[in-house]
K.L.:
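Have a look at this one before I ask anything.
None of the values given here were measured: they were computed from a predicted structure. We use all heavy atoms of the structure for the numbers below, so side chains are in, but hydrogens, waters and symmetry mates are not.
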Amino acid sequence: MAEEQVIVGLEVHCQLDTKSKLFCGCSTDYRSDAPNTHVCPVCLGLPGAMPVLNKRSIEYAMRVAKALNCSVLPESEFSRKNYFYPDLDKAYQITQYDKPLAEGGYLEIEGDEGGEKRIRITRIHVEEDPGRLVHMGTTERGKYSLVDYNRAGIPLIEIVSEPDMRSPKEARKFLNKLRATLEYLSVFDSEKEGSLRVDANISIKGSERVEVKNISSYKGVEKALLFEITRQKSLLRRGQKVDRETRHYLEARGVTQSSRSKEQEHDYRYFPEPDLRPLHVQSWVDGIVLPELPDARRERFIAQYGCSLNHARTLTGELRLANFFEKVVGTDPRGLATLADTWIADTLIGELNYRNMSIDAVDAAGFTELLTLLKEGTITDKSGIEVLRVMLDQRLNNQPCEMPSAIVDRLNVRKGSFAVNAQSGAESHPDLDPIRTSIAEVLNEHPAAVEDVRKGKKGAFNFLIGQLMKKTRGCADPAELNRLLKEELTKKEV
Ligand SMILES: [Zn+2]
């Protein structure tokens, strides 16, 4: 049987990071405030209230359209999408329907088969966010739900892609690239809870497609898609067919579930919003100048700092990370860039992910000092990681943060503290010669292994080296350890 081809298209809703809502002056900074405190007659949809369009939100949406290579239409229009739901008290959502703001663009991602791959963008439209239901108890078994209209009227853009993605991994890459692009444009803050929500269309080639709604995290998208692919493939393998339907993603359980509501487009009775005039923004869009975007910055990192393609991709894949990198190498680009490239893209990101920490928590000056210590050979790579871990743990636990040089001294991992002066090696005082001291200790602690080495057992020698590495906390050069251990063993035999 031929490989079943997976087809994925995404509809991404992003909150635009404006100060006020889309059609009224209410503040969008609602997350830490009490429910229903950021509301007015307009966003509550009280009778007679008139919407006034927030100019900034349209400018933000046009920036996105331009960055995603879309054409902004000469005329676009707001429509009412009619449906009843408790989080939408005016019983219609103001959105765009047959005349969206922009159409026909693309975003480049790193495709599964390597190289750049274009994911086509069908359209971008502007709409208002509905309110939010807070279920008391679980969604299935809650006793009652509360409604909070603070979110009602927050400006959203919906970005609809063509079904050009062929795996959950490509879908994740698309989302990551989109998030980075929006952040570079300063129109979106991915750190804000619920600022991005995704609906995914997914099918196996030749079968019906399923829409999975309501995915509210980046990781959730990949998980929901993986679940759906497995479900659909197993139906097909058993000779059953996949129904065309809408399913909901249940984040906590990692599964999708058929939803009973089956609205069709015509159920929404779309019609033009009578209280808002059509938008004519052509001359305005021409004047919008875009900042440096992720692809351009990636190429610059390769050219200017000599980053590898993979590292440049990682570093520029997040605005905060790219800024951090440039801050760190800023003082000494030639000297630090090569180190910073690997230490940030590989080591630091790994340590941050492990601790679920953001790059914002890392002190750039401290990190620069750490790289300088590594560059000057004051500490080994292995001690560098140890020092970095202490730095991050101090920050994570809200402890006073030491600079790397202070940590190096406290841990006593300065390379010199284990280094041996070859000329004075034999005469040096044992206390001043920590490697020899460590060797002496190890030999005393493991007489049986020493005996085995004499009998010619290679494993025993390696065991002793292992013990020594532990004792010197990996700060000594392994080749040097080897040489000195052999030397000490020979001395003992005499
Ligand atoms: Zn309002």
Side-chain angles (χ1 to χ4, degrees), residues 324-325 327-352 354-355 357-442 444-445 465-485 488:
F324 180 82
F325 174 82
K327 205 166 168 187
V328 165
V329 300
T331 45
D332 179 14
R334 278 174 184 278
L336 290 181
T338 330
L339 268 176
D341 162 312
T342 317
W343 272 84
I344 297 175
D346 296 333
T347 317
L348 179 60
I349 290 182
E351 296 292 331
L352 287 175
Y354 176 72
R355 290 168 180 76
M357 282 171 85
S358 142
I359 187 74
D360 293 342
V362 187
D363 170 36
F367 196 81
T368 308
E369 198 197 78
L370 174 65
L371 292 186
T372 310
L373 291 171
L374 287 158
K375 186 189 128 194
E376 289 166 352
T378 312
I379 51 175
T380 61
D381 282 4
K382 191 150 185 208
S383 308
I385 292 175
E386 205 178 334
V387 172
L388 177 63
R389 285 177 182 158
V390 172
M391 288 169 68
L392 296 179
D393 287 338
Q394 285 177 343
R395 181 56 62 107
L396 190 65
N397 302 320
N398 287 322
Q399 291 164 341
C401 294
E402 297 169 280
M403 283 302 270
S405 52
I407 301 173
V408 165
D409 288 340
R410 188 164 54 76
L411 298 180
N412 192 24
V413 290
R414 208 170 276 271
K415 237 190 205 167
S417 59
F418 281 107
V420 172
N421 184 333
Q423 272 114 45
S424 62
E427 295 91 50
S428 64
H429 192 276
D431 289 337
L432 296 175
D433 200 341
I435 289 189
R436 285 185 195 275
T437 312
S438 302
I439 292 176
E441 281 171 20
V442 167
N444 278 331
E445 284 160 20
I465 288 285
Q467 295 303 309
L468 266 174
M469 297 285 278
K470 240 194 235 170
K471 218 175 250 299
T472 55
R473 289 194 228 91
C475 296
D477 177 26
E480 192 71 0
L481 277 186
N482 247 294
R483 189 180 69 76
L484 288 169
L485 180 61
E488 291 296 318

K.L.:
Hey, does Met391 have a side-chain heavy atom less than 4.5 Å from the side chain of Pro404?
P.N.:
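They are in side-chain contact.
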K.L.:
Please report the interatomic distance CG(Leu468) to CG(Leu481), rounded to the nearest 0.5 Å.
P.N.:
5.5 Å
K.L.:
Would you name the heavy atoms of Val413 and Ile379 that are closest together and state the gap between them?
P.N.:
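Distance-wise, the nearest heavy atoms are O-CG2, 3.7 Å.
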K.L.:
Please report the shortest heavy-atom distance between Arg395 and Cys401, naming the atom on each side.
P.N.:
NE-SG, 3.5 Å
K.L.:
Supply the atom-to-atom distance Ile359 CD1 to Leu352 CG, rounded to the nearest 0.5 angstrom.
P.N.:
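Reported value, rounded in 0.5 Å steps: 5.5 Å.
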K.L.:
Quick one: do the Gln394 and Glu402 side chains pair a donor with an acceptor below 3.5 Å?
P.N.:
yes
K.L.:
Please assess Trp343 against Leu336 for the test side-chain contact (heavy atoms from CB on, under 4.5 Å), listing each intermediate value before the final yes or no.
P.N.:
CA-CA 10 Å; Trp343 272 84; Leu336 290 181; over 6 Å; no
K.L.:
Could you give the distance from CG (Leu370) to CG (Asp363), rounded to the nearest 0.5 Å?
P.N.:
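That separation rounds to 11.0 Å.
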K.L.:
What's the verdict on side-chain contact (heavy atoms from CB on, under 4.5 Å) for Val329 and Leu371, showing C-alpha distance, side-chain angles and the deciding distance?
P.N.:
CA-CA 9 Å; Val329 300; Leu371 292 186; 5.7 Å; no
K.L.:
One thing to verify: whether Arg355 and Glu351 come together as a salt bridge, which I'm taking to mean a side-chain N less than 4.0 angstrom from a carboxylate O.
P.N.:
yes
K.L.:
Distance check, rounded to the nearest 0.5 Å: Phe324 atom CZ versus Ile344 atom CD1?
P.N.:
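Reported value, rounded in 0.5 Å steps: 5.0 Å.
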K.L.:
Restricting to salt bridge (Lys or Arg N to Asp or Glu O under 4.0 Å), what partner residues turn up for Lys327, sequence neighbours left out?
P.N.:
none
K.L.:
Using the side chain to side chain donor-acceptor pair (under 3.5 Å) rule, pick out the option among Thr380, Thr378, Asp409 that qualifies with Arg414.
P.N.:
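Of the listed options, the one satisfying the test is Asp409.
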K.L.:
Determine whether Phe367 and Thr372 make a side-chain contact, defined as any pair of heavy atoms from C-beta on separated by less than 4.5 Å.
P.N.:
no
K.L.:
For Ala340 versus Val328, what's the shortest heavy-atom pair and its separation?
P.N.:
CB-CG1, 4.3 Å
K.L.:
Should Arg410 and Val390 count as side-chain neighbours, where that means a heavy-atom distance under 4.5 Å?
P.N.:
yes
K.L.:
How long is the span from the OG atom in Ser383 to the CD1 atom in Ile407, to the nearest 0.5 Å?
P.N.:
12.0 Å
K.L.:
What distance do Leu396 atom CG and Gln399 atom CD have between them, rounded to the nearest 0.5 Å?
P.N.:
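Between Leu396 CG and Gln399 CD, I get 9.0 Å after rounding to 0.5 Å.
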K.L.:
Quick one: salt bridge (Lys or Arg N to Asp or Glu O under 4.0 Å) partners of Glu369, sequence neighbours excluded?
P.N.:
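Scan of Glu369 (salt bridge (Lys or Arg N to Asp or Glu O under 4.0 Å), adjacent residues dropped) gives none.
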K.L.:
Which heavy-atom pair separates Leu374 from Gly384 by the least distance, and what is that distance?
P.N.:
CD2-CA, 4.2 Å
K.L.:
What pairs with Asp381 under salt bridge (Lys or Arg N to Asp or Glu O under 4.0 Å), at least two apart in sequence or on another chain?
P.N.:
none
K.L.:
If we ignore hydrogens and angles and just use 3.5 Å, is the side chain of Asp341 paired with the main-chain N or O of Ala337 as donor and acceptor?
P.N.:
no
